[in-house]
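Structure first, then comments.
Every heavy atom of this structure was used, including side-chain atoms; hydrogens, water molecules and symmetry mates were not.
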Amino acid sequence: MPYTTRDIRNVALAGHPGAGKTTLFEALLHAGGVLATAGSVERGNTVSDSDPLEKQRGHSLDIAIASIDLANGEGHTHLNFIDTPGYPDFRGPALSALSAVETALVVVDADTGVEHGTLRLMERARERGLCRAIVVNKIDHEHADCSGVLMQLRETFGPEVLPLNLPADWGRRVIDCFDAQAGDSDLGPVSEWHQRILDQVVEVDPEAMDRYLENGEDGLTPQELHDAFEKSLREGHLIPVCFVSARSGVGVRELLQLVSRLFPDPTEANPPQLLAGDGNGGERPMVVKPDADGHVIADVFKVVNDPFVGKLGVFRVYQGTVRRDTQLFVDDGRKPFRVGHLFALRGREHVEIEQAIPGDIAAVGKIEEVHFDAVLHDSHDEDGVHLAPIGFPRPMFGLAVQASSRGQEQKLSQALRKLAEEDPAFVVEHNVEVNETVIRGLSELHLRVMLERLKDRFGLEVTARPPRIAYRETISVPAEGHHRHKKQTGGAGQFAEVFLRVEPLERGAGFEFVDEVKGGTIPGQFIPAVEKGVRQALQGGAISGHPIQDVRVVVHDGRHHPVDSKEVAFATAGRKAFLDAVSKARPLVLEPVVALEVWAPEAQLGDVTGALATRRARIAGTDGSGNNARSESVVRAQVPQAELEGFAAELKSLTAGKGRYALDFSHYEPVPPNVQQKLVAAWKPKPEED
């Protein structure tokens, strides 16, 4: 069925694990006529959890996309829903989905209320400038506390949280309170909530507010009310709440109608955060218009390596129309590709379509150059355009892996590359120095799932062990360094002499190289060679074999020979002068420190903090997670990454499996003296060649 950009609604279902997102996703598809019967997580037959591992584990590991064409009075609305994983272990795909929608629909469990995942995802959606709405699910459960949950939502997120409908008859039906002005609900008279939401909406439009004060609700036209509602959503002045039971279907059809009628289309929401490069390393905001006749601009927010259609790039169109046979560029690529097949998605199913208009979500297959966050466009005028970066959590958990069978190294490398393409929070690194391949993810569960995918999808068995900790080196005081390199081999010789000084920089500043040579004592053409030698030393380390950071190197003097001076000579002299300076600058070994959050039952809180204390943790604070039903608290601490080995098993033992934790990189700081002594003693540097 044909539709326009104004008919499109893009909505991501997000929330804490167990809130019922996938069940709601199925219920929406069923209510919208896409599915004859809604599947269930327990039976493993849902549209979104189609991966064998998802069926086995009983929860989502990746996003799933499906659309509904919902009839309305004048035509139909095209609704694109994205189901996202709830577990923070798989937050990468969930956050990438937020970049493709106008509205984040955060699902909350009526039994347990606001949980940590609720807080995180509401904040992420706010940062992204999305319209936010909340769905309270499971309203017909025995222990559901709809009134308490609504109060908790308003206390947590502010008075702008107001219901569009209310549960009635103990969760067996819902009653509208946006349009309706009378009736009784489980949360009191409808008129009271109707008045509150009306007052909240008209506040954003002074003219509508004046007419409302003069003539009451009858003084507003339906369009004025819609415009004020949409503006309230866009500015975060209203966070609507809808009540449903995804399992029984209560409120699901009403939710579909509300999304279709009141939620913003791509022309109404806050503009996408697109940036354009100016060719000189700078960036400026770029305004795009959802014009079907404009240049194509689309962002790839998901990559799937499908065994049947090959590499699939899932994208959101911001401008222009993508049609079959369209010629598109990937980023600033010189060579275009032709769109041979264009798909709409319904979980794992691919439905061929003729075109994708502004605001729509579609996929293109068999394009090897496509990658996560790639921009597809049809004119070199848009080279350098990209979406504002998503702040993914830093993958801190690591495993060193190698193929169990000889001769499988190339296959393993290709399989890991494909997995990394699909998950922006999964990183593959290769440490050349120790010839070690390291996979990094957001948790031990995240990595365990990736290892299972290696086996199930690619037939690869691997051995895994903890990787080397990413220690770094730095200096603590300024110092001078000097080296004279002279080598005679019978023919032309090598000569270079370098004087430099090193200075410590602020933690996290990286590396600076400064040329202060006067009078041509080192000719300008050899300065890059000196820097090259210094950078070689940075990578190899000076006292423990780990990369050096947070240092400024100032080259200020030297000598050269008109015949024997060569780039290789100045590279050697620069490297050794730098190492000479570092040896005098009180070098330190730095260790990565992570920000750790641990959720555990309150009864075991003391045991958890005690366990962290033995791991050199600095406790920043403890507080309740807002979940009274589970009597759960959260501990926040900073801990050296090296001290977390075995913590997952210890936490599981202390909390009978109820504890969990998440971490993110915080900063580097010096290791204790005894640890530095061990690291220095264990390092065996390669013999220096002069």
Side-chain angles (χ1 to χ4, degrees), residues 431-434 471-507 509-590 668 670-671 676-677 679-690:
N431 189 325
V432 177
E433 184 181 349
V434 295
Y471 292 107
R472 295 290 184 264
E473 298 178 16
T474 192
I475 59 174
S476 53
V477 298
E480 294 281 342
H482 162 253
H483 186 77
R484 185 184 189 193
H485 177 71
K486 185 175 183 181
K487 189 174 184 181
Q488 197 71 35
T489 58
Q494 294 182 14
F495 179 84
E497 189 168 9
V498 173
F499 293 85
L500 55 76
R501 66 177 178 272
V502 294
E503 302 167 356
L505 295 176
E506 292 182 2
R507 197 73 69 235
F511 168 67
E512 291 181 17
F513 182 85
V514 182
D515 173 16
E516 289 187 357
V517 174
K518 307 294 184 184
T521 55
I522 300 179
Q525 69 265 31
F526 293 132
I527 294 298
V530 176
E531 182 177 358
K532 179 181 178 181
V534 170
R535 288 186 178 275
Q536 289 173 347
L538 285 174
Q539 292 303 311
I543 58 173
S544 65
H546 298 95
I548 302 171
Q549 65 180 33
D550 306 336
V551 60
R552 177 186 292 117
V553 175
V554 181
V555 179
H556 56 84
D557 202 359
R559 290 180 60 200
H560 72 285
H561 188 278
V563 176
D564 292 347
S565 287
K566 300 176 177 64
E567 289 186 1
V568 65
F570 273 101
T572 301
R575 184 179 78 253
K576 293 189 175 182
F578 174 72
L579 292 174
D580 177 50
V582 169
S583 69
K584 304 169 186 173
R586 298 181 193 167
L588 299 170
V589 177
L590 303 175
Y668 274 94
V671 299
Q676 176 157 324
Q677 290 173 5
L679 293 171
V680 172
W683 185 49
K684 296 179 180 179
K686 297 178 181 179
E688 281 282 348
E689 294 183 4
D690 202 31

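In this structure, Val555 and Phe513 have side chains that are in contact, with non-hydrogen atoms separated by less than 4.5 Å. Put simply, the side chain of Tyr668 does not reach to within 4.5 Å of the side chain of Thr474, judged on heavy atoms. Taking the side chain as every heavy atom from C-beta outward, Leu590 and Asp550 approach each other to under 4.5 Å. With contacts defined as side-chain heavy-atom distances shorter than 4.5 Å, the pair Ser565/Glu497 does not qualify. Under the 4.5 Å side-chain criterion, counting only non-hydrogen atoms from C-beta, Arg575 is not in contact with His485. The shortest distance between side-chain heavy atoms of Glu516 and Arg501 falls below 4.5 Å. At least one side-chain heavy atom of Leu538 sits under 4.5 Å from a side-chain heavy atom of Phe578.
In terms of heavy atoms, Val502 sits closest to Ala585 at CG2-CB, 4.0 Å. A pairwise comparison of heavy atoms in Ala479 and Ala581 identifies CB-O, 3.4 Å as the closest pair. Closest of all the heavy-atom pairs between His483 and Ala573 is CB-O, 3.7 Å. Phe570 approaches Arg559 most closely through the heavy-atom pair CZ-O, 3.5 Å. The shortest non-hydrogen separation linking Ser476 to Leu588 is CB-CD1, 4.0 Å. Contact record, Val589 with Ser544: CG2-OG, 3.7 Å, taken as the closest heavy-atom pair.
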All N/O donor-acceptor pairs, side-chain side in residues 524-532, below 3.5 Å, sequence neighbours left out:
from, atom 1, to, atom 2, distance (Å)
Glu531, OE2, Arg535, NE, 3.1
Glu531, OE2, Arg535, NH2, 3.2

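How far CZ of Arg484 is from CZ of Phe495: 4.5 Å, rounded to the nearest 0.5 Å. Expressed to the nearest 0.5 Å, how far CG of Leu679 lies from OH of Tyr471 amounts to 5.0 Å. Atom-to-atom distance recorded for Lys487:NZ and Asp564:CG is 12.5 Å, nearest 0.5 angstrom. Here the NZ-CD1 distance, from Lys584 to Ile475, works out to 12.5 Å after rounding to the nearest 0.5 Å. Once rounded to the nearest 0.5 Å, the distance linking NZ of Lys486 with CD of Gln494 reads 12.5 Å. For the atom pair CZ (Arg552) and CD (Glu512), the distance works out to 4.5 Å, reported to the nearest 0.5 Å.
Below 30°, between 30° and 60°, or above 60°: for Phe499 and His482 the angle between ring planes is below 30°, a parallel geometry.
Partners of Ala542 by side-chain contact (heavy atoms from CB on, under 4.5 Å), not counting sequence neighbours, listed by chain and number: Glu473, Ile548, Leu579, Val582. Remark: Arg586 engages no residue in a salt bridge (charged side-chain N to carboxylate O under 4.0 Å, His left out) (not counting sequence neighbours).
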Residue pair Phe511, Val553: steps toward the side-chain contact (heavy atoms from CB on, under 4.5 Å) verdict: CA-CA 8 Å; Phe511 168 67; Val553 175; 3.6 Å; yes
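Judged purely by atom type and a 3.5 angstrom limit, Lys518 has no side-chain atom pairing as donor or acceptor with the backbone of Asp557.
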